[in-house]
A.B. asks: 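Below is one structure. I have some questions about it.
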Amino acid sequence: MTKVEYSKGLEGVVAAESAICRIDGQAGELYYRGYPISELARKASFEEVIYLLLYGDLPTKSEYEGFHLRVRTQRDIKPEILEMVKGFPRDTHPMELLQSSIAYLSSYIDHKIHHGPNCHCTSTLHQVTQLATVVAAFHRIKNGKDYVPPRKDLSFGANFLYMLKGEEPTKLDGDIMDAAFILHAEHHFNASTFTARVVASTKSTCYSSISAAIGALYGSLHGGANERVMNMVHEVGTPDNAKAWVENALKEKQKIMGMGHRVYRAKDPRAVIMEEFLETLSKEKGDDSSYQILKTIEEVVGAHMKEKGKDVYPNVDFFSGAVYDLLGIPKSLFTPIFASSRVAGWLAHVLEQREDNRIYRPTAIYTGPEGKHVTALEERS
Ligand SMILES: CC(=O)SCCNC(=O)CCNC(=O)[C@H](O)C(C)(C)COP(=O)(O)OP(=O)(O)OC[C@H]1O[C@@H](n2cnc3c(N)ncnc32)[C@H](O)[C@@H]1OP(=O)(O)O
Ligand SMILES: O=C([O-])CC(=O)C(=O)O
């Protein structure tokens with residue numbers, strides 16, 4: 001019998017070849033299609049990054065003209081989708097709403113394109129442009145406010161804040177929001193992307209892939225951690241409490257949300273950039289309490305883990321919630337924002353999976369009983 005290797009959580013298992021993203025976990029480096037994340041976050045727009053992920057390189061000026069016109073025209077949602085958003089119970093978590101919205105977006109697309117396993121979804125892109133609109137619309141409606149339709153003259157990030165609050169953000173807030181979308185857009189074979197690719201490998205539609213990926217992202221070990229980091233910050237309360245709080249959490253062997261990563265053995269490069277945004281916004285808004293709390297948690301956990309020979313550093317979720325909080329965004333929207341960005345990466349992976357598809361079907365080691373036989377029900381005790 002051939003020996004079956006088992007890797008819990010598929011750690012270290014190579015599941016595919018991919019040209020979309022590369023991570024150097026030791027060095028703490030991340031590249032989208034060869035471009036370092038630090039340059040993309042500082043010099044590109046989220047719309048350029050969508051183009052990069054889907055088409056393989058940054059757009060030329062003329063490619064960008066056409067693309068940005070197209071995606072900005074598609075920001076608005078159809079009345080049917082707005083009605084669906086209005087009909088949802090107000091206490092629904094927006095991640096659950098997003099999963100349902102994908103089915104709606106799929107149903108209400110223009111079926112001029114072939115809608116199926118080989119659909120040319122890069123010509124519609126409304127799942128990439130409209131998830132953020134759905135998130136903002138739901139937030140306003142559940143708070144008894146009117147829907148604010150998107151504006152075409154604002155960047156993706158600035159427009160999101162505009163749709164959420166009904167007023168144009170400052171340049172700084174809009175730029176940071178746009179960069180946050182860039183930082184979350186893609187990350188190799190993470191759990192939600194793998195989920196999207198597994199669904200795509202069955203020759204299902206890109207909408208089913210994205211819906212499944214949203215479900216995977218929702219969990220607290222993945223994208224859902226950013227909301228929990230903010231719960232932690234609120235529980236800690238003030239910077240003075242942070243050291244004692246985190247020491248106690250470590251004594252109780254609690255997982256510290258927003259820290260640790262399967263791939264990075266250094267600080268996540270996205271967390272480095274998010275931290276810079278947090279520092280800037282803390283100064284700008286005159287409130288550095290969350291930043292001080294997070295820095296203390298980072299230091300105490302880092303020292304504790306180093307002593308134990310473990311590399312546990314902040315990941316992308318560690319500082320993002322505090323950044324969003326200073327931008328005036330409520331906690332329940334943190335993971336939906338992540339999804340509204342990552343959808344670009346998911347779609348790039350779905351398209352790549354289709355180029356050279358083979359259905360994903362791993363195996364498992366059977367640990368159940370053997371040699372059982374069925375007796376008739378009346379003979380069983
Ligand atoms: C966008 C994203 O998905 S980024 C990740 C977001 N998730 C979180 O922030 C949740 C908190 N972090 C974690 O649970 C993990 O670090 C994960 C899920 C990110 C990675 O999981 P894995 O690769 O399976 O690592 P695992 O959980 O086995 O951790 C390895 C060791 O480091 C410790 N460790 C890892 N992360 C943490 C943490 N956040 N707090 C405390 N200890 C930790 C573990 O206890 C474990 O120790 P052990 O070997 O003595 O059991
Ligand atoms: O790569 C991972 O496992 C999780 C992660 O950071 C992401 O999806 O952004």
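When reading the values below, keep in mind they use all heavy atoms of this one structure, side chains included, and skip hydrogens, waters and symmetry mates. These numbers were taken from a predicted model, which means no experiment stands behind them. When a ligand or atom number is given, it counts from 1 through the structure's own listing order.
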A.B. asks: Without swapping roles, check the side chain of Q127 against the backbone of I102 for a donor-acceptor pair under 3.5 Å.
C.D. replies: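 Not a single qualifying donor-acceptor pair exists.
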A.B. asks: May I ask you to identify the nearest protein heavy atom to atom 3 (O) of ligand 1, giving residue, atom name and distance to one decimal place in Å?
C.D. replies: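 Protein heavy atom with the smallest distance to atom 3 (O) of ligand 1: H222 ND1, 2.7 Å.
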A.B. asks: Give the contacting part of H184 toward ligand 2: side chain, backbone, both or neither, where contact means a heavy-atom distance below 4.0 Å.
C.D. replies: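 The answer is neither; H184 stays 4.0 Å or more away.
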A.B. asks: Decide whether an N or O pair under 3.5 Å exists between K310 and ligand 1.
C.D. replies: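 Checking ligand 1 against K310, an N or O pair does fall under 3.5 Å apart.
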A.B. asks: Hey, are E279 and K295 close enough for a salt bridge, meaning a charged N less than 4.0 Å from a carboxylate O?
C.D. replies: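 No, no charged N to carboxylate O under 4.0 Å.
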A.B. asks: So T363 and Y6, side-chain contact (heavy atoms from CB on, under 4.5 Å) or not? Walk me through it.
C.D. replies: CA-CA 9 Å; T363 192; Y6 166 45; over 6 Å; no
A.B. asks: Give me the residue, atom name and distance of the protein heavy atom closest to atom 8 (C) of ligand 1.
C.D. replies: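 Result for atom 8 (C) of ligand 1: A225 CB, 3.6 Å.
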A.B. asks: Give the numbers and elements of all ligand 1 atoms closer than 4.0 Å to a heavy atom of G258.
C.D. replies: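 Numbered from 1, ligand 1 contributes 8 (C), 9 (O).
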A.B. asks: Could you identify the single nearest non-hydrogen protein atom to atom 34 (N) of ligand 1 and state the distance to 0.1 Å?
C.D. replies: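 So the nearest neighbour among protein heavy atoms is V312 CG2, 3.9 Å.
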A.B. asks: Between ligand 1 and G9, can you find any atom pair, the residue atom being a heavy atom, that is separated by under 4.0 Å?
C.D. replies: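 The answer is no, since G9 has no heavy atom less than 4.0 Å from ligand 1.
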A.B. asks: Does a donor on one side chain and an acceptor on the other come within less than 3.5 Å for T133 and D76?
C.D. replies: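 There is no such pair (donor and acceptor under 3.5 Å, judged by atom type) between the side chains of T133 and D76.
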A.B. asks: Evaluate the criterion salt bridge (charged side-chain N to carboxylate O under 4.0 Å, His left out) for residue pair R33 and E186; output intermediate values, then yes/no.
C.D. replies: CA-CA 10 Å; R33 299 215 184 258; E186 164 55 18; over 6 Å; no
A.B. asks: For the rings on H349 and H188, is their centre-to-centre separation under 6.0 Å?
C.D. replies: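 Here the rings of H188 and H349 have centres that are no less than 6.0 Å from each other.
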A.B. asks: Using distance alone, decide if ligand 1 has a nitrogen or oxygen within less than 3.5 Å of any nitrogen or oxygen in I256.
C.D. replies: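 In this structure, I256 places an N or O atom under 3.5 Å from an N or O of ligand 1.
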A.B. asks: Within 4.0 Å of atom 29 (O) of ligand 1 (strictly less), any protein heavy atom?
C.D. replies: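 Protein heavy atom within 4.0 Å of atom 29 (O) of ligand 1: absent.
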A.B. asks: Non-hydrogen atoms of E186 versus ligand 2: any pair closer than 4.0 Å?
C.D. replies: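 For ligand 2, residue contact (heavy atoms, under 4.0 Å) with E186 is absent.
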A.B. asks: Quick one: does ligand 1 sit under 4.0 Å from the side chain of N190, the backbone, both or neither, non-hydrogen atoms only?
C.D. replies: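 No part of N190 is near ligand 1 at this cut-off.
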A.B. asks: Does some side-chain heavy atom of L105 sit less than 4.5 Å from a side-chain heavy atom of I210?
C.D. replies: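 Of all side-chain heavy-atom pairs linking L105 with I210, none is under 4.5 Å.
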A.B. asks: Is the closest heavy-atom distance from F318 to ligand 1 below 4.0 Å?
C.D. replies: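 No heavy atom of F318 comes that close to ligand 1.
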A.B. asks: We want to know whether T60 and E63 form a side-chain donor-acceptor pair, criterion being a heavy-atom distance below 3.5 angstrom.
C.D. replies: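 Note: T60 and E63 side chains meet the donor-acceptor criterion.
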A.B. asks: Provide, to 0.1 Å, the distance between atom 19 (C) of ligand 1 and the closest protein heavy atom, together with that atom's residue and name.
C.D. replies: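 So the nearest neighbour among protein heavy atoms is G260 O, 3.7 Å.
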A.B. asks: What about R270: any of its N or O atoms under 3.5 Å from an N or O on ligand 2?
C.D. replies: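 Yes.
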A.B. asks: Would you mind checking which non-hydrogen protein atom is closest to atom 5 (C) of ligand 1, with the distance to 0.1 Å?
C.D. replies: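 Its nearest protein heavy-atom neighbour is N315 ND2, 3.4 Å.
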A.B. asks: What protein heavy atom is closest to atom 45 (O) of ligand 1, reported as residue, atom name and distance in Å?
C.D. replies: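 I find the closest protein heavy atom is K255 CE, 4.0 Å.
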A.B. asks: Number the atoms of ligand 1 from 1 as they appear, then name those within less than 4.0 Å of a heavy atom of F338, with their elements.
C.D. replies: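 Checking each atom against F338, I get 1 (C).
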A.B. asks: Has ligand 1 got any nitrogen or oxygen that is less than 3.5 angstrom from a nitrogen or oxygen of V316?
C.D. replies: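 No; every N/O pair is 3.5 Å or more apart.
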A.B. asks: Which ligand 1 atoms, with their elements, are less than 4.0 angstrom from a heavy-atom of D317?
C.D. replies: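 Answer, ordered by atom number: 1 (C), 2 (C), 4 (S), 6 (C).
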A.B. asks: Is the distance between the ring centroids of Y313 and F318 less than 6.0 Å?
C.D. replies: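 So the answer is no for these two rings.
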A.B. asks: Any salt bridge between K61 and E65, counting N to O under 4.0 Å?
C.D. replies: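 E65 and K61: not salt-bridged.
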A.B. asks: Should the pair K243-E299 be classified as a salt bridge under the 4.0 Å nitrogen-to-oxygen rule?
C.D. replies: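 Not counted as a salt bridge, because no side-chain N and carboxylate O are separated by less than 4.0 Å.
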A.B. asks: Just to confirm my output: which protein heavy-atom neighbour is closest to atom 11 (C) of ligand 1, and how far is it?
C.D. replies: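 Looking only at protein heavy atoms, the one closest to atom 11 (C) of ligand 1 is M259 O, 3.3 Å.
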A.B. asks: Please say which of E48, E47, K43 ends up in a side chain to side chain donor-acceptor pair (under 3.5 Å) with S45.
C.D. replies: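 Only one option passes, and that is E48.
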A.B. asks: For atom 18 (C) of ligand 1, what's the nearest protein heavy-atom neighbour? Residue, atom name and distance, please.
C.D. replies: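 It is L221 O, 3.9 Å.
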A.B. asks: Among M305, M257, R262, K8, which one has a heavy atom closest to atom 24 (O) of ligand 1?
C.D. replies: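 Ranked by closest heavy atom to atom 24 (O) of ligand 1, first place is R262.
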A.B. asks: Is there a donor in the side chain of H187 and an acceptor in the side chain of T193, or the other way round, less than 3.5 Å apart?
C.D. replies: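 Result is no, nothing qualifies.
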A.B. asks: Are side-chain N/O atoms of Y35 and D57 paired as donor and acceptor at under 3.5 Å?
C.D. replies: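 Checked: Y35/D57 side chains pair up, N/O donor to acceptor below 3.5 Å.
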A.B. asks: Decide whether an N or O pair under 3.5 Å exists between R342 and ligand 2.
C.D. replies: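 N/O-N/O distance under 3.5 Å: yes.
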